[in-house]
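Each chain gets a letter, A, B and so on, in the order the sequences are listed, and its residues count up from 1.
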Amino acid sequence: MSTIVLLTLTGLALGAMYFLLASGLSLIFGLMDVLNFAHGAFFTWGAYTAWWMITETTSASSASTAGFLLALVVATIVVALMAALVEIGLLRPLYRRPIFQILVTLGIGLALSQLTSVIWRPDARPFPQPRWLTQTTTVLGARVPNNRFLLIAAAIAVLIGMLFFLRRTRYGMIVRAGAENREMVQALGIDVDRAFTLVFALGGGLAGLGGVFGAAYFGSVNPSIGSVNLIFAFIVVVVGGLGSITGSALAAVIIGLAQQFGNYYTTWAGDFIVVLLLAVVLLIRPRGLLGTLH
Amino acid sequence: MTVSAQTAVPPPAEAVAPPLLALTEVHAYIGESHILQGISFEVTPGRVTVLLGRNGAGKTTTLRCILGLLPPERGEIVLNGVSIAGERPHAIVRRGIGYVPEDRDVFAGLTVAENLKLAQRSGATPERLATVHELFPDLLRRAGQRAGSLSGGQQQMVAIARALVNENQLLVIDEPSKGLAPVVVREVSEALRAITGTSTMLLVEQNLAVAQSLGDDAVILDNGRVVFAGPIEQVMDDDDLQARYLGAGARA
């Protein structure tokens, strides 16, 4: 019983991490039709920015709560700004050339990931976090690390925040309308370019936030931490349905759990089950669990 | 800047006001196709100018050029004394243009109220919105309904209402009767007639009856060129002109 509880909570936390990546991917794809392969590098940069801030300010193997929270905020902002620069400088000139755009995000992703190993060496580094995050709470006999709960709470907060943003704010309305018909949004006097930059920065910021939580989840950072998770985040977006945030959340939970249970009971089935799930959903319901036809 | 035009064609006695919109030698391409081959015409303030012509004559392309959705290759487009060719669409629209596109293009996933709210630019007043709701009471009743679930006629009302929620200098309306049942066409054109007194309009309309009931002036395009510009009665009285440029069945 305690094993099942542990696997469930850890699986949910894994799903929460995928969701933080997937929500930004889905948002960006929904409005801009951009498959952002640089998203994994944004995740990596979030992880490294937080790691760098914490290790620069403390030499201990654990961080202070204030230091961790500050690193969380700074990493999110740094990566959001990084994403804004990428959008303005590199993507904007290519909106009429989608293939080039994909290649550019792929290139940026590789370059930015490579940059982290040049600056901070390619090997994995332990990620100091507040002691209470690595301590465990006992739930039905299972000792669950506290950072799992924090990750789940963060994902739920992001989900609620995103739904509020999309349904209740003017920019959210622009995103939903722009996903349907970008040109008509412009023809109503709305600066779509500015909305694109904002959405790309928002998605990037979420990836950065996910990176910090990912580093806490794994207990370490390495240059490929983002690219490994990006694959699963893409699967989450496709399974959940392109452009549906709630769909992404649902798919993230399913995939996190499937992977966690698969990895525990076999040595090979974790990733295989995920790919199998993807194949089944694509065959039976190509638009994804909650996706609308795009 | 209209000096040359004035010396070339002496203006009629009553039309002394400078044009609200003037296109001069506008050329536009879609891919390799030379769609507009030097279009020039004017829209007089307070009047309804109807763009006529066969399918493919360049009517919609002309509207898209004015809005900046398809930047013209060369030529001059002047709105109220300001050159707008080359500006980005949102900047052009903010100068005071309300646009109703050819296929209505309401945002299907947004509610009626959201469609209108999205269209409101800074400076749009609640009074203005109330006036629009007076004109289309149905939209107030259906405010919470998704625009995609409305009938074609209702969607057309949303599209027109979207252009009316702001204080605009010019309304640009592309085939409001397209694809609608005759009863609905009558309803839509009555709504449009209600606003003709207070607005300047550039209207594309294939249905000659609708065009005649709304229009003051007519501009006929053929193969990307202007072949007629003058009062709409002149088109209505000239069967030969109609047969040559508007095709059989234009009156249907």
Side-chain angles (χ1 to χ4, degrees), chain A residues 26-27 29-33 87-88 91-93 95-98 162-199 240-248 287-288 290-294, chain B residues 31 60 63-71 87-124 144 146-148 155 158-159 161-174:
Chain A
S26 180
L27 192 67
F29 185 83
L31 175 65
M32 305 162 68
D33 284 334
E87 198 279 330
I88 294 169
L91 291 182
R92 187 168 291 182
Y95 278 116
R96 287 169 194 280
R97 304 165 79 184
M162 290 271 274
L163 290 177
F164 180 83
F165 168 77
L166 286 173
R167 290 186 187 162
R168 293 276 176 270
T169 68
R170 181 166 174 85
Y171 264 102
M173 215 151 71
I174 293 173
V175 170
R176 284 188 291 140
E180 278 189 41
N181 187 338
R182 213 180 294 172
E183 191 175 277
M184 193 58 221
V185 173
Q186 283 180 293
L188 291 180
I190 293 161
D191 187 349
V192 171
D193 286 359
R194 207 166 64 187
F196 277 18
T197 308
L198 182 101
V199 161
L242 287 172
S244 168
I245 296 294
T246 322
S248 287
R287 63 194 169 97
L290 300 181
T292 46
L293 286 172
H294 196 65
Chain B
T60 295
L63 300 191
R64 291 173 57 79
C65 273
I66 294 167
L67 285 152
L69 294 171
L70 178 78
E87 278 189 21
R88 294 199 292 153
H90 73 269
I92 293 175
V93 168
R94 283 180 195 176
R95 293 185 177 279
I97 297 182
Y99 175 50
V100 183
E102 191 176 9
D103 295 305
R104 305 186 263 283
D105 288 342
V106 297
F107 300 110
L110 273 61
T111 64
V112 171
E114 285 176 331
N115 265 278
L116 298 187
K117 208 193 264 178
L118 195 63
Q120 288 184 298
R121 305 194 295 265
S122 61
R146 280 161 55 107
Q155 290 191 12
V158 174
R162 251 184 347 197
L164 296 179
V165 292
N166 301 291
E167 200 78 53
N168 284 316
Q169 308 188 51
L170 173 69
L171 295 177
V172 173
I173 303 179
D174 200 349

Original post:
What heavy-atom pair brings B:E114 and A:R167 nearest, and what distance separates the two atoms?
Top reply: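 The pair with the smallest heavy-atom distance is OE2-O, 4.1 Å.
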
Original post:
Taking atom CZ of A:R97 as the centre, does the number of heavy atoms from other residues, nucleotides or ligands within less than 6.0 Å exceed 12?
Top reply: no

Original post:
With a cut-off of 6.0 Å (strictly less than), are more than 12 heavy atoms of other residues, nucleotides or ligands near CZ of A:R92?
Top reply: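 Atom CZ in A:R92 is crowded, with more than 12 foreign heavy atoms closer than 6.0 Å.
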
Measuring heavy-atom distances to chain A, does [X] have an atom under 4.5 Å in its side chain, in its backbone, in both, or in neither?
X	answer
B:V172	neither
B:A91	neither
B:P101	side chain
B:L110	both
B:R95	neither

Working to the nearest 0.5 Å, report the span between [atom1] of [X] and [atom2] of [Y].
X	Y	atom1	atom2	result
A:E183	B:R64	CD	CZ	4.0 Å
A:L188	B:R94	CG	CZ	11.0 Å
A:M184	B:L118	CE	CG	9.0 Å
A:D193	B:H90	CG	NE2	7.5 Å

Original post:
Has the side chain of A:Q186 got a donor or acceptor atom that lies under 3.5 Å from a matching backbone atom of B:L69?
Top reply: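 No; judged by distance alone, with no hydrogens or angles, the pair does not exist.
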
